[in-house]
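Here the structure is laid out as structure tokens; the discussion comes afterwards.
Keep in mind that this is a model prediction, so the values were computed, not measured. Chain letters run A, B, ... following the sequence lines, proteins first, then strands; residues in each count from 1.
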Amino acid sequence: MSNSLKAINKKISKRKQVYKPLLDNPFTNESQVWPHVNDQQLVWELLQSDVLSVCKRLKDSDRSEWPLDVAFTFNEINEYLCNNDKDEEVLMFACNRDQGVPSVLLQQVPLIAYMSKTKVTLIQLPRNSAQVIVDSLPLGDDSFDGFLMVRCNEKINAHFMRTIKSKVSEQKIPWLTNLKYQKANIKLVKTTIPMISKNKNKQPNQKGEDLENQKQEKYTNTHKQIPKK
Amino acid sequence: MSAENAEIIATKPPKNASNKEQFQRINYLYQLSMHYKNANLDISRTYVNLLDTISKKTNTKISPNIKRSYCKKCKRLIDYKDPKMFKVVKSKNKKNDKFIINCKCGSKKTFPIGLNRDYKTYTEKEGNLLEI
């Protein structure tokens, strides 16, 4: 056998890299699902000063007494968006770049927001914003789902609402309204497979030998039991 | 180079995907089922059933993102307008938090989100999925 670098590498390596084709969702487009936010820092500062500071101050009091209508659990948000028939507007802040927010929830919320009769403005928040929100909300022992919904009614500051809306582009999910054929989105999954040596039959490993011995014993035992005619 | 990488023989990614016709077939069926989702539920379910069978018989892989969008039992596509469809079940122990997708047929998809809140499927992780 040659002593080339490739041959030595083959001897040492236990796994080989392979690329398997996979069909990705033709409708998934991150940039369309999550609308772009211009001047994200300003939006974050406005949220902190106008909403989170109020929530933090009234953390211990009853939520019905709050001067804002906010929802922060997934179930609450889902129920409101699906059941509300009124022509209302809401601001939905999402910590989609933070750690600790389950990706399964993040996949559903933009679609629920888009399909809702309520007009939802989806706003991405900068990284590490989830912890600040957790500190401001009365979550108790519950974990934070990564979303904060603020209802745009007379209770909220109109300037705050207008500024935030002007900074966020519109959410576009074309496949939910006018379905157009999309080309097959085939991608490759980068993965590895174990290397199987060709001389496996010649030099069986310990486990293989044990199995062979067991088979041999079984065979001899069964043949012993058969009475000779 | 790390020791983990040293044990893997690197190969170049192929320029074309094999079994392309089957992927295109599945893709077309998925989009048809989406199209008929509201108009005719039975046809939509039939298409999903067909694409699922084709992927199994031809050994073509579908991303978890697509597979999560329909019920495994009745092949119905997820209805985002139904408030009963999604539910987060929280318990005292945060590790037992669950996200449940309830189908109209009664079957449930349960995701134990509390176990690892940062969990991502292999294809969702950066660098594992390559464009052709």
#### Entry: Reported CG-to-CG distance for the pair A/Leu137 and A/Leu58, which is rounded to 0.5 angstrom
11.5 Å
Chain A contact via [X] - which portion, at a heavy-atom distance below 4.5 Å:
X        : answer
B/Lys81  : both
B/Lys84  : neither
B/Phe111 : side chain
B/Ser55  : neither
B/Phe99  : side chain
B/Tyr122 : side chain
B/Arg68  : side chain
B/Gln22  : neither
B/Thr60  : neither
B/Asn38  : neither
B/Lys90  : side chain

Could you tell me which portion of [X] (side chain, backbone, both or neither) has an atom closer than 4.5 angstrom to a non-hydrogen atom of chain B?
X        : result
A/Asn25  : both
A/Val101 : backbone
A/Gln99  : both
A/Asp24  : both

## Note on the structure
Scored by heavy-atom pairs under 4.5 Å with chain B, the best of A/Leu81, A/Leu188, A/Asp98, A/Val18 is A/Leu188
### Query
Most heavy-atom pairs under 4.5 angstrom with chain B, which of A/Lys20, A/Gln107, A/Gln108?
A/Gln108
### Query
So, for B/Tyr30 and B/Tyr70, is the gap between ring centers shorter than 6.0 Å?
no
### Salt-bridge contact B/Asp52-B/Lys75 (side-chain N to carboxylate O under 4.0 Å)
yes
### Query
Does A/Asp69 come within less than 4.0 Å of A/Lys155, counting only side-chain N to carboxylate O?
yes
Regarding [X] and [Y], do their side chains bring together a donor and an acceptor under 3.5 Å, going by distance alone?
X        : Y        : result
B/Asn59  : B/Lys61  : yes
B/Asn27  : A/Asn185 : no
A/Ser143 : B/Asp97  : yes

### Task
Could you tell me how the ring of B/Tyr47 sits relative to the ring of B/Tyr36: parallel (under 30°), tilted (30 to 60°) or perpendicular (over 60°)?
tilted
### Task
Among the options B/Pro64, B/Pro14, B/Ala17, pick out the one with the most heavy-atom pairs lying under 4.5 Å from chain A.
B/Pro14
### Query
For A/His36, does its backbone N or O pair with a side-chain atom of A/Ser169 as donor and acceptor, under 3.5 Å?
yes
### B/Lys72 side chain to B/Ser107 backbone, donor-acceptor under 3.5 Å
no
### Flag side-chain contact, heavy atom, 4.5 Å: A/Thr192 against A/Lys16
no
